[in-house]
Amino acid sequence: MIEIKSENELELISEAGKIVKLILGELKYAARPGVTTADLGRKATEIIKKSHARSAFLGYRGFPGVICTSLNEQVVHGIPGDTALSPGDILSIDVGIEKNGYYADSALTIPVGDKVSQKARSLIEVTEKALYLGIEKAIEGNRLFDISNAIQKFAESHGYGVVRGFVGHGIGKNLHEDPEVPNFGKQGTGPRLKSGMVLAIEPMINEGEYEVEILSDGWTAVTKDRLLSAHFEHTVAVTAEEAKILT
Ligand code: MG
Ligand code: MG
């Protein structure tokens, strides 16, 4: 069942969303060559503590990181560690927190240093644009898979692979709620969207084929062909006029 959130609940999710946004802003700035992904994790921990919030990921089904940091061919769920960022890398950072019982979740991909290739930059740009095209469809009266279709159509028009193995989700009192929000689907199908639904829309787009596999750490998802992958995510509320971005 897809829950409809009250005004008060939307306010609480938005509070959590502001903290997520703050963390991503800081990490984006901090992610320079030489910095390790563990350094970024520590920075996130500091802000989460100061904000009297809690990481939504740490301990989730045993996940060992406070955030997810996924480099280059890593799609999602990379674990912060000793790997130092190198010029030319692309880094996906995914942040989820809980505050006062409500969750928000957001991600972005950034180029590290100024030596990032044009093809990597294009993948990042298209993935971000795909997210916003999906968000535009998150209005009352539309169907859920209108969001999915907008993302898929745009990404595939650039020759990219749309990841099937991971999808977006409803969010609120839990990190993952109904419905699943795939980044692929048929326009005009799926549940009817209603004001007060809150969705984490999160395209994961691959430079090559859409298949992914999981590394031996049990978490890190990588592209099967080891080509690049990018990831953008926002937590959004459906309204009658336009989707409201809460992160
Ligand atoms: Mg996320
Ligand atoms: Mg998510």
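Just follow the structure's listing: the first ligand is 1, and inside any ligand the first atom is 1.
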Does K5 have more than 12 heavy atoms from other residues, nucleotides or ligands lying within 6.0 Å of its NZ? yes

Judged by atom type as modelled, is there a donor-acceptor pair below 3.5 Å linking the side chain of D94 to the main-chain atoms of C68? no

Using a cut-off of 6.0 Å, state whether more than 12 heavy atoms not belonging to Q118 lie near its atom CD. yes

Would you check if the Mg ion (ligand 2) lies under 2.8 Å from any N, O or S atom of H169? yes

Residue E202, metal the Mg ion (ligand 1), N/O/S under 2.8 Å: no

Taking the Mg ion (ligand 1) as the vertex, measure the angle between atom OE1 in E233 and atom OD1 in D105; round to 10°. 90°

Is it the case that R32 places NZ or CZ above or below the six-membered ring of Y29, under 6.0 angstrom from the centre and within 45 degrees of the axis? yes

Atom name, D94 (N, O or S, nearest to the Mg ion (ligand 1)): OD1

